[in-house]
Structure formats: C-alpha cells, structure tokens
Amino acid sequence: MAGEPTASDTPWLDKDAEPLIRIKGITKKFGEFIAVNNVDLDIYQGELFCLLGGSGCGKTTLLRMLAGFETPSSGTIVIDGADMSQVPPYERPTNMMFQSYALFPHMSVEKNVAFGLKQDKVPNDEIADRVDDILKLVELQDFKARKPQQLSGGQRQRVALARALVKKPKVLLLDEPLAALDKKLREHTQFELANIQEQVGITFVVVTHDQEEAMTLSSRIAVMDKGEFVQIGTPTEIYEFPETRFVADFIGSANIFEGEIVEDGADHVRVSTSLGEIYIDHGQSTKMGSRVWAAIRPEKIHLSKKAPTKSGPNQAAGKVDDIGYLGNSSIYKIRLDTGQIVDVTSPNQIRPKSRTHGITWEDTVYLNWEPSSAMLLNK
Amino acid sequence: MYGKRSRFLTIMLVVGMAFFYVPMILLVIYSFNYSRIVPVWGGWSTRWYGVLFESEEVWSAVGLSLEIAVLNATFATLLGTLAGLAMVRFGRFKGRTLFGGMLVAPLVMPEVITGLSLLVMFITLKQLVGWPAERGFTTITIAHITFSLAYVAVIIQARLTGMGQTLEEAALDLGAKPFRVLTAITIPRLAPGMVAGWLLAFTLSLDDLVIASFVTGPGANTLPILIFSRIRLGLRPDINALATIIILFVAVCVAIAALIMFQQQRRAMRDEQIANREVA
Ligand SMILES: Nc1ncnc2c1ncn2[C@@H]1O[C@H](COP(=O)(O)OP(=O)(O)OP(=O)(O)O)[C@@H](O)[C@H]1O
Ligand SMILES: [Mg+2]
C-alpha cells in the first residue's frame, strides 16, 4: 500500500509487537447454542477497535467475556500479559460502558463517577481531583450534583463514559455507546469519542452494529457474523478490499455479480459475468474456471448518456428504472437488458442549468468503471 | 349507546362501592350509639369509646398485637429479602426449584393447616427441648414470621427480577466486591420493596386470627382474638368503637402512603422536566 506507515500507528503489522489483548480460540455456548465460535483476535495498545456485526451475532457476548461477566466455554483471554480466566470482573484491568449506561439512580453524577475510585481506596482529595478532571473532559463540571434522572440522554452517555474512564483502565469496553442517542447527536459524539480516546490514550474496544460509526471511529474493525469473525482490517481495507460477499454487502453497498474466471494473469483477471466481461487490473490467486463474485461499489460506476466509442470490458448499458435524489448526490437504479438492477450513485457536482435533470426516467444510459474498481470475492 | 353504557357502569360502580363501604359506615355509626343493644338506636354518644379506653384487656391486646406485628415485620423483611436474593441472584444452585416452591407454599396453604402444623411443632419442641415453655407472644411471633416471610420473598423476587442485573454488573466492573455491591447498590434499590414488604407483613400479622388462635396460649390475646371472642357472645357496642378506631388508623396509613407516592411521582416529573430543559 502507498506510504510506509510507522509501526506505532499500525502495531498489528509489526510481527514483534506484543498485543495488549490476546483472544485465543474463544468459544461461548449457551446450552447448545454457540454464540461465539472459536475466535482469535489480537488488539494492541492505543487502538480503537470496533466489533461490527448484525443483531445477535455475538458482539456483546464477546465483550462480556472480556469484562468477566461471562465465562468462556473454551479458549483463553490474556490482557496485558495476564491470563484472565480466574480473574473476577472487579479485579480486571478493564472498565465497561454499558449500552443502557447503567448509572446508579440513587447517586449523584459526582458519586457515580467517584464510585470506582472509592472501591480502590483512593484518598478522598485525590478522588475529588480526578472526578473534577474527568468531568471537565466530558464537559459536565456543572452537573456534579444532578441525579442521572435529571440529565438528558447525551449527558447520561457522557457520565457513563467519565465513570468508566476515571479509573484509567488498560482497556475500555463500550457496548453500543451511541445507540441510544438521536442521529445528529450521535454524529457529533462519534468525533468526540475518538478525540477523548486520543487524549487519554486508553485502548477502546467498541461494539456497534452501525457500519458508519465503525468506519469513522476505528483503527481496525472486526466484522462478525454468526459468532465468527469474517474479516479483520482497517476501515479502508474492509471497504475497498472485502474478502467475502457478506463483508462487501454489509459495509456500504455493492453490486455483486456471479461469474467465472476466463483469464488469470499475473497482474490482471478477467471475469465473465451477467454484467458482461469485467477486467480487474490486479492479480488474485484464483484458479481458471472457478466460481467467483465480482463486486462494484455504486459510487465507482460512471454514468453517461453517450454510447461508448469502442466495445470492451467494464461497460454495460441499461435504462433508468428509478432515481433517488439526495441533494448532494443521486442514486440511480439502472435496469439492464437482462432485467438485473444495478445501483449507481453519482455526486451532483454541477448544478443543472434547467430545472429538469440531465438523466431522467427511462433514459438509455451507459455504465463504465475503472479496471481497478471491481473487487473479486471468492466466497 | 355510549351514554347508556356509561350509566350502566356508573350504577355498577355505585353498587360495588356500596357493597364495600355500607357495612363499614354502619359500623362507625353504631359505634356512636348510646344504646347497649347494638341494633336499637338510642341517640348519639361517645359512651363506648370511654368504656373502651378504660378496659385493661383491650389495651393489653393492642399492645401485644403491635409488638408482634413490628417484630414479625422486621424479621420477615430481613429473612424474606435474603430468600428473594437467593432465588434471583444466586444463579442455578442445587435444589433451587424445591426451595422456590417451598418458599411460596405458605401463600397457598390453608391457614388452618399452617396453624395446626405450627401448633404440633411447638408442642413437640416443648417436649423435646422444653422451649417454648408456654404458648403466647413467642409462638405467635414465630408463626407469623413463617408465613409473612413468604409474602416478602415474593415481593422482593418480583422487584429483583424487574430490576435486572446491569447496575450490579456495573458496580462489579468498577471494582466493588460482591458484598459491597449488595450493600451499595442492591439493598438501596430494594429499599422501596422492603418497605412495602415490611408494611404488608405488619398488616398480615395485625390481621391474623386463625393462625394466632392455634398457636396462642392462655392469657395471650391479640386484638383479633379479643374481638372475635367477645363478638361470639353477641354484637357489642364497645367492639364497634374499637373497630372504628382501627378503621381510622388504617385510613390514615393509606393516606400517608398515597401522599408519599404522589410526592415521588412529582419528583420524577420534575426530574424529567429538568432533563428536557437542558436539551432545549
Ligand atoms: N445469557 C444468555 N443465554 C442464552 N442465550 C444468550 C444469552 N446471552 C446471549 N445469548 C444469545 O447469544 C446470541 C448473541 O448475543 P449477543 O448479545 O452477543 O448479540 P449481539 O451481537 O450483541 O446483538 P445485538 O446487536 O442485538 O446486541 C444471541 O442469539 C442471544 O440470543
Ligand atoms: Mg449487544
């Protein structure tokens, strides 16, 4: 990839780096049901790591095993070099921010935040200082005396964050930290959360089912499905180089076509699909004739009313079936001759001269894309 | 049609209320009757209240009943809370189902059976270990605790189940050891349930006639036992006066409870308002 990243930014590429959290072969069964299935994962100091997946895929279960609330059926968890299997939650170097915040309703904001420090027998004046500092960090210094019930949703979220951070844990576990906030507040808080993480330098493990949230927040993402990791990588890797159809479709949207390899070169691949022939300008270790899928992101397809001058791969034609105007961009649903629908998004970079659009319903349009745009998937 | 139905409902409401309250109102009115013979009206008077206040027997019964009720409520709340905690929070221990069943058995057991079996136990105990030496205060209290405890346990169980475990987990996560979690989080959150349980156990004890009659001994008359034994010889105006005082006492208690609830509601509403104001 372009540019040589420094080891401290990308510790997972460094073969000698010691992970802060080492999850090895963890399985969790509830009766016969397997909630988490034999997963391995290394998380490094300073990461903001996201566990991303649909509802019920086992994200919370994995997080609860890290916190010590669930005992793994098999496998080991090592945090900062210490095996956690016999360590109860109250002795682990982790703190958790619960999805429902779990603030103590009978204690003021100040007491809530101080609770963890009290348990550690920190001297009273130090407790007061640290509580003040952390409340300043989350901009709640004026709300110390309030009860949780007297706070808005966003404020409660910040109290929960402060309460978990004030103990300076080695790892902060966050279960859907933003899910209870409305959309606008959520977007704002995403950046705030990332900023705070950078300031305190604590490793965050965040559970979310919101792919946008995962993309903006994280250093790396583990995409989960049915209790297993399907792919682990940086947001860019996950988005631009998905390994399976599930990932391509779950992160962003993708037009996926089944096909067959017809030419397998060192630096290119040709795939024959129902969309016509797709030429991909990077090699991939696949066998001739094997069944593969090609995926193209809607924003990577160019749309034109002019017919192409020469025939070749990476182009198709169809009729506009539907248009979704989003203001800054538009989504076009293009019906091919085969009846297949292809999604194309295109930014509205030029303000139309008239009120009628350039491309409209039932227009015949031509699609084309760069040789680098299509992604080849084996599963 | 709507009007008709609402009239029907109104009539039913009035009839229902009358069913509840006419007897009590009659009782109160007759307690102010001068005449010695209850159904014969002899004019308004507070004569029987005077008689009542001079009666040693009545006062000692009131004292005994209150003493038993307070002691019972306190012990039942303590033990019932522990039992409820064991049922909901200790996971799946051996014999949990049996324990749960045995815990609620006193709720469905006919009182006569409970009373009889307790009596048998006390007699056996006396023969074996010589304790309790005589039946009365101690035996009634123990008997009341055994069945009140079940009610408290049910209340606590329901509340614990409704509360969920997240707050306790949060406290554990913040470094609190299990016992500390119990005292700092669980018990404070259970407090309303424990108060409700205490009050219920208190009234159950104050109210009980059947079980107390079985396990009591000579000379130990609780208030219900006293009232019942006197009424057996025919209606008596001084007992009407006593009953009126009890009704007044209960009414005051209910009013206080309602007031507390109303204030809690107002506080919750105020909290919500404060929270909403911040957002705007
Ligand atoms: N205590 C439990 N007993 C039995 N099954 C459980 C238990 N906890 C979780 N499960 C099951 O394990 C699966 C994974 O649950 P988990 O809570 O980890 O999902 P999740 O990925 O966090 O989903 P969501 O996004 O909905 O929170 C679910 O099917 C759930 O029903
Ligand atoms: Mg979850």
Side-chain angles (χ1 to χ4, degrees), chain A residues 63-64 66-71 88-107 111-122 140 142-143 145-156 160 163-167 169 171-173 175 181-182 184-185, chain B residues 81 85 88-93 96-97 156 159-196 260-280:
Chain A
L63 204 68
R64 288 172 59 82
L66 287 173
F69 299 131
E70 305 280 2
T71 320
Y90 49 90
E91 279 167 8
R92 292 199 181 197
T94 60
N95 279 129
M96 181 145 166
M97 188 182 141
F98 290 79
Q99 182 169 357
S100 54
Y101 307 146
L103 300 176
F104 306 131
H106 55 291
M107 295 183 197
K111 291 255 168 60
N112 262 283
V113 177
F115 187 86
L117 296 173
K118 286 234 173 74
Q119 308 313 313
D120 289 356
K121 308 266 190 307
V122 176
L140 280 177
D142 299 334
F143 295 86
R146 291 272 183 97
K147 289 277 175 68
Q149 304 87 287
Q150 298 171 326
L151 298 176
S152 70
Q155 291 165 343
R156 285 179 207 177
R163 188 179 69 176
L165 276 177
V166 77
K167 291 194 73 179
V171 182
L172 186 68
L173 309 166
D175 192 359
L181 306 179
D182 60 56
K184 196 128 189 224
L185 194 56
Chain B
T81 302
L85 277 170
V88 182
R89 286 296 146 86
F90 287 10
R92 265 184 266 146
F93 57 89
R96 182 177 178 278
T97 317
I156 296 294
R159 209 178 148 81
L160 273 175
T161 313
M163 266 170 18
Q165 215 161 338
T166 320
L167 289 188
E168 273 101 341
E169 281 180 351
L172 277 178
D173 185 67
L174 290 167
K177 299 207 166 60
F179 184 73
R180 182 85 185 101
V181 175
L182 189 72
T183 55
I185 308 294
T186 314
I187 299 285
R189 299 201 67 221
L190 274 182
M194 289 167 72
V195 170
I260 291 173
M261 243 149 73
F262 175 72
Q263 260 171 359
Q264 261 178 0
Q265 232 166 38
R266 243 196 8 202
R267 182 142 27 107
M269 246 159 69
R270 207 191 52 212
D271 286 352
E272 205 172 307
Q273 269 170 5
I274 294 175
N276 288 337
R277 204 167 48 226
E278 288 310 323
V279 185

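Each chain gets a letter, A, B and so on, in the order the sequences are listed, and its residues count up from 1. Worth saying up front: this structure is predicted, and the values here are computed from it rather than measured.
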**Q** Out of A:R146, A:Q150, A:K147, which residue meets the side-chain hydrogen bond (donor to acceptor under 3.5 Å, both in side chains) rule with B:D271?
**A**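 Among the candidates, only A:Q150 passes.
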**Q** Sort out for me which of A:A67, A:P88, A:P89 touches chain B most, counting heavy-atom pairs under 4.5 Å.
**A**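 Top option by heavy-atom pairs under 4.5 Å: A:P89.
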**Q** Could you state the interatomic distance from OG1 (B:T166) to CG (A:L103), rounded to the nearest 0.5 Å?
**A**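 Between atom OG1 of B:T166 and atom CG of A:L103 there are 11.5 Å.
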**Q** Between B:A268, B:A191, B:P188, which residue shows the highest count of heavy-atom pairs closer than 4.5 Å to chain A?
**A**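 Option with the greatest count: B:P188.
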**Q** Looking at B:R189, B:E272, B:R270, which one has more heavy-atom pairs under 4.5 Å with chain A than the rest?
**A**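 Max contact count across the listed options: B:R189.
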**Q** If I compare all heavy atoms of B:A184 with all of A:M107, which pair ends up nearest, and what's the gap?
**A**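 That would be O-CE, 4.0 Å.
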**Q** Is it the backbone or the side chain of A:L185 that comes under 4.5 Å from a heavy atom of chain B, or both, or neither?
**A**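 Neither part.
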**Q** On a heavy-atom basis, which atom in B:D173 and which in A:N95 lie closest, and how many Å separate them?
**A**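 Minimum heavy-atom separation between B:D173 and A:N95: O-ND2, 2.9 Å.
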**Q** Would you call A:R64 and B:E169 a side-chain contact if the rule is heavy atoms closer than 4.5 Å?
**A**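 The answer is yes; the side chains approach within 4.5 Å.
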**Q** Between A:H106 and B:I185, does a side chain to side chain contact (heavy atoms under 4.5 Å, CB included) hold up when you go through it step by step?
**A** CA-CA 9 Å; A:H106 55 291; B:I185 308 294; 4.3 Å; yes
**Q** Identify which part of A:M97 has an atom lying under 4.5 Å from any heavy atom of chain B, answering side chain, backbone, both or neither.
**A**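 A:M97 has no heavy atom closer than 4.5 Å to chain B.
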**Q** Only counting residues at least two apart or in another chain, list the ones meeting side-chain hydrogen bond (donor to acceptor under 3.5 Å, both in side chains) with A:D182.
**A**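 side-chain hydrogen bond (donor to acceptor under 3.5 Å, both in side chains) list for A:D182, sorted by chain: empty.
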**Q** Taking all non-hydrogen atoms of both residues into account, name the closest pair between B:P178 and A:Y90 and its distance.
**A**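 It is CD-CE2, 3.4 Å.
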**Q** So do the side chains of A:Q119 and B:V181 get within less than 4.5 Å of each other, counting heavy atoms only?
**A**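 Heavy-atom side-chain distance check fails, nothing below 4.5 Å.
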**Q** If you measure from NZ on A:K118 to CG on B:L174, what distance do you get to the nearest 0.5 Å?
**A**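 It is 12.0 Å, given to the nearest 0.5 Å.
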**Q** When heavy-atom pairs shorter than 4.5 Å are enumerated against chain B, which of A:F69, A:F115, A:Y101 gives the highest number?
**A**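 Among the listed options, the one with the most contacts to chain B is A:F69.
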